[in-house]
Number of protein chains: 4
Amino acid sequence: MRFFSDNAAPVHPAVLDAIVAANAVDTAYDGDALSRSLDGAFSDLFETPVTAMWVATGTAANALALAALVPPHGGVLCHRDAHIQNDEGGAPEFYTHGAKLMLVDGAGAKLHPAGVAAVADAIANDVHRVQPHALSITNATEYGLAYTPDEVAALGALARARGWRFHMDGARFANAVANVGCSPADVTWRAGVEVLSFGFVKNGGMSAEALIFFDRALAADTLRRRKRAGHLLSKGRYAAAQILALLQEDRWLDNGRAANAGAAALAGAAGSRALHPVQANEIFLAMTPDEAASLRAQGFDFYDWAAGEVRMVVSWNQPEAEIAALAAAIAAL
Amino acid sequence: MRFFSDNAAPVHPAVLDAIVAANAVDTAYDGDALSRSLDGAFSDLFETPVTAMWVATGTAANALALAALVPPHGGVLCHRDAHIQNDEGGAPEFYTHGAKLMLVDGAGAKLHPAGVAAVADAIANDVHRVQPHALSITNATEYGLAYTPDEVAALGALARARGWRFHMDGARFANAVANVGCSPADVTWRAGVEVLSFGFVKNGGMSAEALIFFDRALAADTLRRRKRAGHLLSKGRYAAAQILALLQEDRWLDNGRAANAGAAALAGAAGSRALHPVQANEIFLAMTPDEAASLRAQGFDFYDWAAGEVRMVVSWNQPEAEIAALAAAIAAL
Amino acid sequence: MRFFSDNAAPVHPAVLDAIVAANAVDTAYDGDALSRSLDGAFSDLFETPVTAMWVATGTAANALALAALVPPHGGVLCHRDAHIQNDEGGAPEFYTHGAKLMLVDGAGAKLHPAGVAAVADAIANDVHRVQPHALSITNATEYGLAYTPDEVAALGALARARGWRFHMDGARFANAVANVGCSPADVTWRAGVEVLSFGFVKNGGMSAEALIFFDRALAADTLRRRKRAGHLLSKGRYAAAQILALLQEDRWLDNGRAANAGAAALAGAAGSRALHPVQANEIFLAMTPDEAASLRAQGFDFYDWAAGEVRMVVSWNQPEAEIAALAAAIAAL
Amino acid sequence: MRFFSDNAAPVHPAVLDAIVAANAVDTAYDGDALSRSLDGAFSDLFETPVTAMWVATGTAANALALAALVPPHGGVLCHRDAHIQNDEGGAPEFYTHGAKLMLVDGAGAKLHPAGVAAVADAIANDVHRVQPHALSITNATEYGLAYTPDEVAALGALARARGWRFHMDGARFANAVANVGCSPADVTWRAGVEVLSFGFVKNGGMSAEALIFFDRALAADTLRRRKRAGHLLSKGRYAAAQILALLQEDRWLDNGRAANAGAAALAGAAGSRALHPVQANEIFLAMTPDEAASLRAQGFDFYDWAAGEVRMVVSWNQPEAEIAALAAAIAAL
């Protein structure tokens, strides 16, 4: 029973169906009808005109977003535990040509204006110091916390006041929105976000994420950067089809809700073991090596996050029986 | 009737079947069984131990290959019309951090040792001049010519003598091998090629190319570069499945043969209009604008390559009736 | 007797005097009075407000200029024999993060609008092709030709019409201006040049070139790039002093005139051997190896440019006797 | 009276004399006799064969060193307050093409093996995490602490055990060696250092630092990187002359001793205000804004380091009267 990563989950049947349905002669690259429909689909979802483009991975989405927002000699304010800092093999530095990540603390990997401002205020504005040019947050955070629209807006206001651009890494955007129950617009552009990495792979997709530009002026150069990075697929229609299939019938949101519910059930069983509020599909638990071994002996697979800590992730299609079994096993520790 | 690009073609049914078959919980990234089987599959095909990895595009494959072979301050000898020079939006410069492409002439976009040596000999070996570090050829070439093993070996010998690394862009490797009838080994590593971009997307694949390291020592750093470039897919098993499906039952070679046969049929009809020998699935024809318009009026879609020149590409599954119709229309011009 | 390179020449006495005079406690970096006076001095010379900054080498000046004008995914149109292409070890690619140099032909390394336009017109405007973003010319050219203001203006008009930025590499700007007899303004910003690399090292300086921004909006980021490239000297006043010493009393122009006169004298002796018009301080002569050996046996040092071609460069302080002796020796061949 | 920065100090008279003495025709770039003598001069000083090259700034020296030691996808372990992290405008990221600086804590900006190992141990060895490839320390540190040979050797042993390269930023190497009284060899290569940035500008030089390769195999590529960065001076003999003048008669060491003595005198007066041990030419003092204003009113210039902290730097030629006056003023606060 896999609770190791939502990347281990299979692909939603509707996604496979859409791929099969797309299997006909069509224009190459992103000139096909499906790819061209993405702007409209996301503009509807976000209630404002946006430019959307598919990319194959969340790492590419984030790195392209940052490259659009920060010059090579600039910096990106982000959480010390941000995925862009710790888990992308240096992709932000590669795509931005060496911009510096500027690390901010915050419980549960969530940023707050005061913490961000304190880091920025310590940077003298001269040519010897790299200057911050953008703020990047992850929603849901790396520890499974969801931002409210007000929290994002407070950060957005800070960014605007300081002249920084504002990016949201939404690898688990569906889980965050499902948790808060807000509109996608309220927690993004209405709160100041200018570029969003909208994750679909952890949400039932196969190999397609969406990069959403609320500041549409940034998109043209990004199309060139995407090609230059080898991310312009020759047959883009199969990527577009995946995203559209998950947008249809709000599948992305249903999948997010289902995974969140599973994590909530585990959290209920875990009680005070939970190290962070559970607001998405991940739970982080205090656990001794013996306890972890006991769970593994019962067939549960999960991640050793740090000494005495484990991470469990519930996937969009995790069977209820598996969740119930794990909850019971945790409760019985 | 599309003769515009082999990227417009659909995906082979076996590829779709393989994707569907792969749709189960498995390890993320490239830790799954399918991805791990690629080394073996390609080692069998090439009759020598190789390291193989999937990437989403040919541009990424080429750029990663060059980054493995050339330092940022080095140069890559290639044809003036090479895809890496003209059609990848600067990806080689991005991935190599600014290496310089050094352009060589040659009929039909094919390189010969004398032409390569002449360009290299004109470069003084001092710190003011960027020095060549690698040679890159495209097989089949951008004008649809296939290299024989002897031709590649002559270039490989030159590269070895000069201390250059040797890369082959095989976006249409299947077509080239099908044309020459040689073993994949003879036209690659036995002829000195150290890294091969093995194309599958134009050959019936969806979104997976293979990067083959005959010099396996180069692969470890490339795995890091692939991640850093955002090309480590979260669910790599669906990419591996595509490649394996085309390797099985020699589908890749059958697809190459089929497309080549179509191009040969068109060439037979075109006669002296053909501007290059037809040794793969592309034909380049001299054609007036009026003639081109006439063909388009009959429902044929193709590419205006240059003034007075058109390119027609036959796909792996191009219906025989379409080919016959186009051949007749060309003959009737 | 050195006619090998104007970099072999010593430093003008006034430059040394200025360095000695600057040897007092002062503000570090570029905060000192001398550095802060550069904007004014060059604004006077160019009859328009400019931003000027010192850098240690012409390569750094050119590379910083291009980085200000071209994004990493862009291209620079320049002559096939341009210094930025052939003699800077890849510095333009390093500073621009991989922009592509797009090579244009032209006699004597001089560009003309038709040649530039032809190269640009062959580049389809899609994401597969790197797009030109700037035009760069060298004045005097690598073969010692000087541009007239009208010639530059014609290129400037083309650049403006196409939306390209316009850079002039003036490593031998003094020689060019001295030859044409125009105002520095007429051959630069009035003709559309936006950034000028103004050379002083070949003109009697020691280790300081000037980077002149006619488009002053580009300067702020360049100050950061200069620091990031390790070119912000800790004690900048000694660099500023060099430049100011050469600007004073029109020494830069006198030095240019003197060197040009020497080259003209050699050209007179060389007659039809001269391969290019002599409009600066360099001459290129057809010469057999035996003839070259004969000159060397007489104590003359010069550069073997290509098979059957030699380059001779006259320095700002080349003794008249040396010039006369070489002229006589050439005439006697 | 300037205690703001040792970059504000003038140039040693012997340096100016050496520049004047070098003012003759000679080979360009680094082909002159002075430049070619650097290897020998530093090999004598370090009692082992080294390759030495001049660069114009410490930032360039450090960035070139790191580029020689770390691939673009690698990381550099350094102190959180290291100059390479905070004061070089992103030069390390530029020259390394985006390597990541990995920040370690330690009192007085000094690193210790346990702290370094703890940071490294927290980095999982997979492709998602950037891996450390080098360790870089500053000697004397940014807070004026000097490493003993044993302290460096302990870090060198850790680096060797982990497979990291080892760099020392010696912007104030003279002050560090003068303080410890060790041989230059003992605190560098005998302790495992492979590349040293040997500072001369803060030590009486004008515009020349030395980059010393104890691992001589790294030098060849660095010569190309130096050119590519625009740091190959056209008239390098004037840079070499500066360095040689300071090496002669142990001027570099005398200058370091003199500056250290001044700082020690200030420290004696400052007593418990001193925030760090004073082992070089810098002192950091606790000081209220009113106290600082009082000193400034008496004509003393210094740096506001942080809230309630000031930095004072003694230059190689700081007049004893100025030092005595400042010491008295501090004591009288």
Side-chain angles (χ1 to χ4, degrees), chain C residues 1-2 4-13 15-16 19-20 22-29 31-32 55-64 88-91 93-95 97 171 201-202 205-209 223-236 238-239 315 317, chain D residues 1-2 4-13 15-16 19-20 22-29 31-32 55-64 87-91 93-95 97 201-202 205-209 223-236 238-239 315 317:
Chain C
M1 288 169 282
R2 290 278 179 113
F4 193 89
S5 163
D6 31 14
N7 287 326
V11 168
H12 194 285
V15 168
L16 288 184
I19 287 174
V20 172
N23 198 34
V25 171
D26 204 337
T27 305
Y29 303 110
D32 64 280
V55 288
T57 66
T59 295
N62 287 338
L64 284 167
E88 301 190 343
E93 289 88 348
F94 179 42
Y95 277 70
H97 301 290
V201 173
K202 295 179 194 298
M206 189 177 94
S207 59
E209 312 280 72
L223 289 171
R224 294 193 178 276
R225 284 195 199 93
R226 182 177 67 170
K227 171 62 193 179
R228 194 176 191 235
H231 278 286
L232 178 62
L233 298 164
S234 299
K235 299 178 176 174
Y238 301 94
S315 296
N317 73 334
Chain D
M1 289 170 281
R2 291 278 180 113
F4 193 89
S5 163
D6 33 13
N7 287 326
V11 167
H12 194 286
V15 167
L16 288 184
I19 287 174
V20 172
N23 198 33
V25 171
D26 203 337
T27 304
Y29 303 111
D32 64 278
V55 288
T57 66
T59 295
N62 287 339
L64 284 167
D87 297 292
E88 300 190 344
E93 289 88 348
F94 179 42
Y95 277 71
H97 301 289
V201 173
K202 295 178 194 297
M206 189 177 94
S207 59
E209 311 281 73
L223 289 172
R224 294 193 178 278
R225 283 194 201 95
R226 182 177 67 170
K227 170 64 191 176
R228 194 175 190 237
H231 277 286
L232 178 62
L233 298 164
S234 299
K235 299 177 175 173
Y238 301 94
S315 296
N317 72 335

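In what follows, chains carry the letters A, B, and so on, assigned in the order in which the sequence lines appear, proteins first and then strands, with residues in each chain numbered from 1.
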Side chain, backbone, both or neither: which part of [X] has a non-hydrogen atom closer than 4.5 Å to chain C?
X: D:Phe94; answer: both
X: D:Tyr29; answer: side chain
X: D:Asp32; answer: neither

query = Do you see a donor-acceptor pair shorter than 3.5 Å between the side chains of C:Asn62 and C:Tyr95?
reply =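 C:Asn62 vs C:Tyr95: no donor-acceptor pair found between side chains.
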ask   = With distance as the sole criterion, is a donor-acceptor pair present between the side chains of D:Ser234 and C:Lys202 under 3.5 Å?
value =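 C:Lys202 and D:Ser234 do not have a side-chain donor-acceptor pair below 3.5 Å.
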message = Heavy-atom pairs under 4.5 Å with chain D: which of C:Thr27, C:Thr57, C:Ile19, C:Val11 has the most?
response =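 Among the listed options, the one with the most contacts to chain D is C:Val11.
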With chain C as the partner, which of [options] has the greatest number of non-hydrogen pairs under 4.5 Å?
options: D:Arg226, D:His231, D:Arg224; answer: D:His231
options: D:Ala60, D:Ala8, D:Gly236; answer: D:Ala8
options: D:Asn317, D:Leu233, D:Leu64; answer: D:Leu233
options: D:Ser315, D:Gly90, D:Ser5, D:Ala61; answer: D:Gly90

ask   = D:Lys235 side chain to C:Val201 main-chain N or O, any donor-acceptor pair under 3.5 Å?
value =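 Yes: the side chain of D:Lys235 pairs with the backbone of C:Val201.
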Identify the heavy atoms of [X] and [Y] that sit nearest to each other, and give their distance.
X: C:Thr59; Y: C:Glu88; result: OG1-CG, 3.7 Å
X: C:Ala91; Y: C:Ala63; result: O-CB, 3.8 Å
X: D:Ala28; Y: C:Asn7; result: CB-CB, 3.5 Å

